[in-house]
Amino acid sequence: MGYIGRREAAPIIVEGLKKLEYRGYDSFGVATISGGIELDKHQGRISNSSRSAAHLKGKIGIGHTRWATHGVPSDTNAHPHMDCSNRIAVVHNGIIENYAELKRQLIARGHIFRSETDTEVVAHLIEEAYEVEKDLLAAVQKIVPKLTGSYALLVIAIGEDRIIAARYASPLVLGVGDGEFFAASDMMPILDHTDRAMYLEDGDIASISEVGVEIFHEGKPVKRPVELIDWSQEDTKKGGFPHYMLKEIYEQPQAFYNSVRAITGETLPAPIRNPGSVTVIACGSSYNAGLIFKYLLEDSCAIPLRLDFASEFKYFPPPIQGLVIGISQSGETADTISALKQAKEHNCTTLAITNVLGSSISRSTDFTLFMRAGPEISVAATKSFIAQLAVLMQIINFIRDGEFEEVLRNGHRAIEEVLLMDLSEAVELCINARSIYYVGRGPFYPVSLEGALKMKEISYIHAEGYAAGELKHGPFALLSKETPVIAICMPGETYAVMISNIKEINARGAPVIALGVEGDLELAEVVDIFIPLPETHPFLQVLTTLVVLQLLAYHTAVALNRDVDKPRNLAKSVTVE
Ligand code: M6R
């Protein structure tokens with residue numbers, strides 16, 4: 001968040017950051033201009049901290065509340081970050097993907113780095129450009145083309161009565177007040193002061209002074225309309241979505257894209273490039289992600305994978321050696337952490353895959369890979385699940401020497417294509433169901449498990465996922481017209497047997513909702529409701545079917561008036577065994 005105007009900036013920024021905390025909360029900081037730059041930053045939540053940074057003096061300031069991606073949560077890694085001479089301060093939301101290379105070059109040119117963040121390279125790059133340009137806007141315009149990745153940047157410098165803002169693939173909105181201006185990742189902290197906003201577009205760079213805003217795109221001045229925002233605070237927090245879960249479902253293309261790109265030759269630890277065998281331990285949705293990984297890894301790389309519930313592994317550790325991977329969105333799940341400790345005691349190499357930098361799991365394993373889903377608020381895992389798959393699929397891609405590079409780089413597009421599907425007919429069938437069965441084969445079996453988990457978790461309708469061939473070994477006894485079966489039936493080796501399974505279900509009177517590829521008339525003819533999906537690579541079909549099942553669970557829960565984001569009896573992070 002940034003402020004420029006007639007009032008003291010720091011108290012406004014501190015209050016604003018408290019409203020932005022839902023986007024990240026492991027550390028916070030503020031910098032203001034008052035002759036020199038005043039800086040105050042701390043590990044922890046701004047809302048819990050006794051040290052709030054509100055005391056800083058000055059009418060120009062920037063602040064940040066962080067969700068760590070590069071460098072653990074700490075005072076030093078908290079934003080703002082400064083250049084070597086402490087004349088320039090920067091806050092950043094997003095990921096500078098080429099920071100390692102830029103950092104190497106800057107260090108070679110004599111720059112001293114204080115933090116482990118990707119963001120700090122921006123401060124040093126601006127420092128160099130400012131030496132030449134003597135103008136902050138020109139300096140930012142000069143360095144931005146060197147950055148790869150995503151950024152919403154706010155920059156201040158001693159001697160400059162303005163804030164420079166730059167945006168690419170990370171949100172940034174400017175609030176237009178009376179003789180004062182605000183900048184923030186969303187309208188949430190701005191609405192207390194004004195309802196007039198300008199949304200920057202990708203590639204825009206803005207110079208914000210007390211008298212007005214100038215915006216440039218590719219060096220040329222452009223105008224962005226001032227819009228009236230009539231959202232409530234609560235609406236704004238959820239980005240206009242009625243629930244966090246829906247917002248997070250819609251954030252999945254970005255979560256997938258960022259997580260794929262986060263796993264590079266440099267970040268991938270050596271033991272995982274050539275594992276003899278792999279064991280995965282996890283709980284809940286993370287377990288389902290592990291099971292999808294098992295199918296894809298064994299098929300693509302012929303590497304055997306053993307999968308265990310963390311809660312079982314801990315008490316009944318199997319006689320294994322080699323690589324053990326723990327998957328946990330929160331990084332705090334007690335069962336997964338203690339199972340990994342158990343694996344370490346058995347001399348296994350341990351790797352954590354988590355969404356939370358500095359989480360307990362990452363401190364207890366030999367290696368950690370971070371996905372880049374950003375904070376997930378809704379109890380039901382959605383974007384973190386997709387991000388786990390992105391990381392796991394990238395591991396397969398590396399083992400296969402880049403065979404799936406192109407597919408994964410375009411995965412976010414496949415997800416985007418299904419976000420707006422009309423599922424109302426299927427929802428109508430589900431809200432009246434006594435039980436819902438989900439069936440699939442191969443990787444679509446764990447997709448079925450995950451679809452059923454989402455449904456039961458937020459709609460409270462009993463739902464079970466089955467390997468399609470298993471239904472006839474018992475569950476058939478439960479089928480009736482009140483027990484819809486959701487069948488995932490994609491082209492491939494098991495297509496014909498899936499069609500047979502569907503006919504068997506038909507014969508027992510249960511309505512079938514099928515997910516298949518568009519234009520599949522054979523399938524459409526044998527089911528009650530056909531949900532057509534774009535035909536794409538099998539990896540991406542896993543993603544698209546998942547997203548449809550998340551949406552089906554979400555809309556069913558909404559139709560039943562459930563507390564979608566906070567389902568009864570559950571917690572986001574399960575820190576007890
Ligand atoms: O944080 P983790 O990934 O370790 O959490 C594991 C499960 O508790 C979690 O996936 C849970 O099943 C979700 N609420 C499902 O939506």
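Counting begins at 1 with the first residue of the sequence.
Donor-acceptor pairing under 3.5 Å is lacking for the side chains of Ser311 and Asp335. When only modelled atom types and interatomic distance are considered, Glu116 and Asn77 share a side-chain donor-acceptor pair under 3.5 Å. Residues Thr382 and Gln550 have side chains that never bring a donor and an acceptor to within less than 3.5 angstrom of each other. Side-chain contact of Ser360 with Glu332: a donor-acceptor pair under 3.5 Å is present, judged by distance alone. Inspection of the Ser115 and Glu120 side chains reveals an N or O donor paired with an N or O acceptor under 3.5 Å. Between the side chains of Thr354 and Gln329, no donor N or O sits under 3.5 Å from an acceptor N or O. Side-chain contact of Asp308 with Tyr287: a donor-acceptor pair under 3.5 Å is absent, judged by distance alone. If you check the side chains of Glu21 and Thr65, you find no donor sitting under 3.5 Å from an acceptor. Donor-acceptor pairing under 3.5 Å is lacking for the side chains of Thr117 and Thr119. Checked by atom type, the side-chain pair Arg434/Ser480 shows a donor-acceptor distance below 3.5 Å. Residues Asn432 and Glu482 have side chains that never bring a donor and an acceptor to within less than 3.5 angstrom of each other.
By the neighbour-count criterion of 12 heavy atoms within 6.0 Å, atom CD of Glu298 is densely surrounded, having more than that number from other residues, nucleotides or ligands. Residue-environment remark: NZ (Lys566) stays at or below the threshold of 12 foreign heavy atoms within 6.0 Å. Residue Glu518 places its CD atom among more than 12 non-hydrogen atoms of other residues, nucleotides or ligands, all under 6.0 Å distant.
Using a cut-off of 4.0 Å between Lys/Arg side-chain N and Asp/Glu carboxylate O, Lys383 and Glu248 are scored as not salt-bridged. Arg413 has no carboxylate O lying under 4.0 Å from a charged side-chain N of Glu417, or vice versa, which leaves the two without a salt bridge. Checked for salt-bridge contact, Lys344 and Asp366 meet the test: a charged N lies under 4.0 Å from a carboxylate O. A salt bridge links Glu251 with Lys247: the closest approach of a Lys/Arg side-chain nitrogen to an acidic carboxylate oxygen falls below 4.0 angstrom. Using a 4.0 Å cut-off between charged nitrogen and carboxylate oxygen, Glu450 and Lys454 count as a salt-bridge pair.
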(request) Report the C-alpha separation of Glu405 and Asn397 in whole Å, then their side-chain angles, then the decisive distance to 0.1 Å, and conclude whether the side-chain hydrogen bond (donor to acceptor under 3.5 Å, both in side chains) test is met. (result) CA-CA 6 Å; Glu405 189 71 24; Asn397 182 39; 2.8 Å; yes
(request) Evaluate the side-chain hydrogen bond (donor to acceptor under 3.5 Å, both in side chains) criterion for residues Gln541 and Thr536: first the C-alpha distance (whole Å), next the side-chain angles of each, then the deciding distance (0.1 Å), finally the verdict. (result) CA-CA 6 Å; Gln541 277 168 357; Thr536 177; over 6 Å; no
(request) With side-chain contact (heavy atoms from CB on, under 4.5 Å) as the test, would you mind laying out the steps for Leu389 and Phe293 before giving the verdict? (result) CA-CA 8 Å; Leu389 292 184; Phe293 183 47; over 6 Å; no
(message) Please determine whether side-chain contact (heavy atoms from CB on, under 4.5 Å) holds for the pair Ile325 and Ile281, giving the CA-CA distance in whole Å, both sets of side-chain angles, and the decisive distance to 0.1 Å.
(response) CA-CA 6 Å; Ile325 303 178; Ile281 45 185; over 6 Å; no
(request) Run the numbers on Phe444 and Thr494 for side-chain contact (heavy atoms from CB on, under 4.5 Å), then give the verdict. (result) CA-CA 11 Å; Phe444 300 108; Thr494 60; over 6 Å; no
(message) Pair Val427, Tyr554 - check side-chain contact (heavy atoms from CB on, under 4.5 Å), show working.
(response) CA-CA 9 Å; Val427 170; Tyr554 171 78; over 6 Å; no
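Smallest separation of non-hydrogen atoms from Val485 and Ala510: CG2-CB, 4.1 Å. Closest approach of Pro511 to Asp528, counting heavy atoms only: CA-OD1, 3.4 Å. Ala289 and Gln388 make their closest contact through CB-OE1, 3.4 Å (heavy atoms, listed as atom of the first residue, atom of the second, distance). Here the closest heavy-atom approach between residue Ser170 and residue Gly94 is recorded as OG-CA, 3.6 Å. Shortest non-hydrogen contact noted between Ser150 and His92 is O-NE2, 3.2 Å.
Panel note: side chain Lys341, backbone Ser364; no donor-acceptor pair is recorded below 3.5 Å. Checking side-chain atoms of Asn355 against main-chain N and O of Ala373 turns up a donor-acceptor pair under 3.5 Å. The main-chain N or O of Glu101 is never found under 3.5 Å from a side-chain atom of Asn98 such that the two would form a donor-acceptor pair. Side-chain atoms of Lys456 come within 3.5 Å of backbone atoms of Ala463 as a donor-acceptor pair (strictly under, hydrogens ignored). Panel note: side chain Asp565, backbone Tyr244; a donor-acceptor pair is recorded below 3.5 Å. The backbone N or O of Arg568 lies less than 3.5 Å from a partner atom in the side chain of Tyr460, making a donor-acceptor pair. Side-chain N or O atoms of Glu376 include one that pairs as donor or acceptor with a backbone N or O of Ser384 at under 3.5 Å. At least one donor-acceptor pair under 3.5 Å links the side chain of Ser259 to the backbone N or O of Arg372. A donor-acceptor pair is defined here as one N or O able to donate and one able to accept, closer than 3.5 Å; such a pair exists between the side chain of Arg273 and the backbone of Gly265. Remark: side-chain polar atoms of His346 are not paired, donor with acceptor, to backbone N or O of Cys348 under 3.5 angstrom.
Looking at heavy atoms from C-beta onward, Leu523 lies in side-chain contact with Ile499 at the 4.5 angstrom threshold. The shortest distance between side-chain heavy atoms of Leu543 and Met393 falls below 4.5 Å. Ser378 places none of its side-chain heavy atoms less than 4.5 Å from the side chain of His243. Looking at heavy atoms from C-beta onward, Pro443 lies in side-chain contact with Leu296 at the 4.5 angstrom threshold. Within the 4.5 Å cutoff, no side-chain heavy atoms of Leu246 are placed close to those of Val564. In this structure, Ile249 and Gln252 have side chains that are in contact, with non-hydrogen atoms separated by less than 4.5 Å. Within the 4.5 Å cutoff, no side-chain heavy atoms of Val280 are placed close to those of Leu392. At a threshold of 4.5 Å between non-hydrogen side-chain atoms, the residues Pro491 and Asp520 do not count as touching.
For Phe28 and His42, the ring centers are positioned less than 6.0 Å apart.
Applying the ring pair (Phe, Tyr, Trp, His ring centres under 6.0 Å) rule to Phe530 yields no partners; only residues at least two apart in sequence or on another chain are considered.
Atoms OG1 and CE, on Thr545 and Met490 in that order, are 5.5 Å from each other to the nearest 0.5 Å. Between atom CD1 of residue Ile353 and atom CG of residue Leu369 there is a gap of 5.5 Å, rounded to the nearest 0.5 Å. The line from CG of Leu515 to CG of Leu423 is 8.5 Å long, rounded to the nearest 0.5 Å. Rounding to the nearest 0.5 angstrom, the gap separating the OH atom in Tyr466 from the CD atom in Glu464 is 5.5 Å. Between the CD1 atom in Ile95 and the CZ atom in Phe370 there is a gap of 12.0 Å [rounded to 0.5 Å]. Atom-to-atom distance recorded for Leu323:CG and Leu351:CG is 6.0 Å, nearest 0.5 angstrom.
Annotation: cation-pi pair Arg66/Tyr25 absent, no NZ/CZ under 6.0 Å from the ring centroid and within 45° of its normal.
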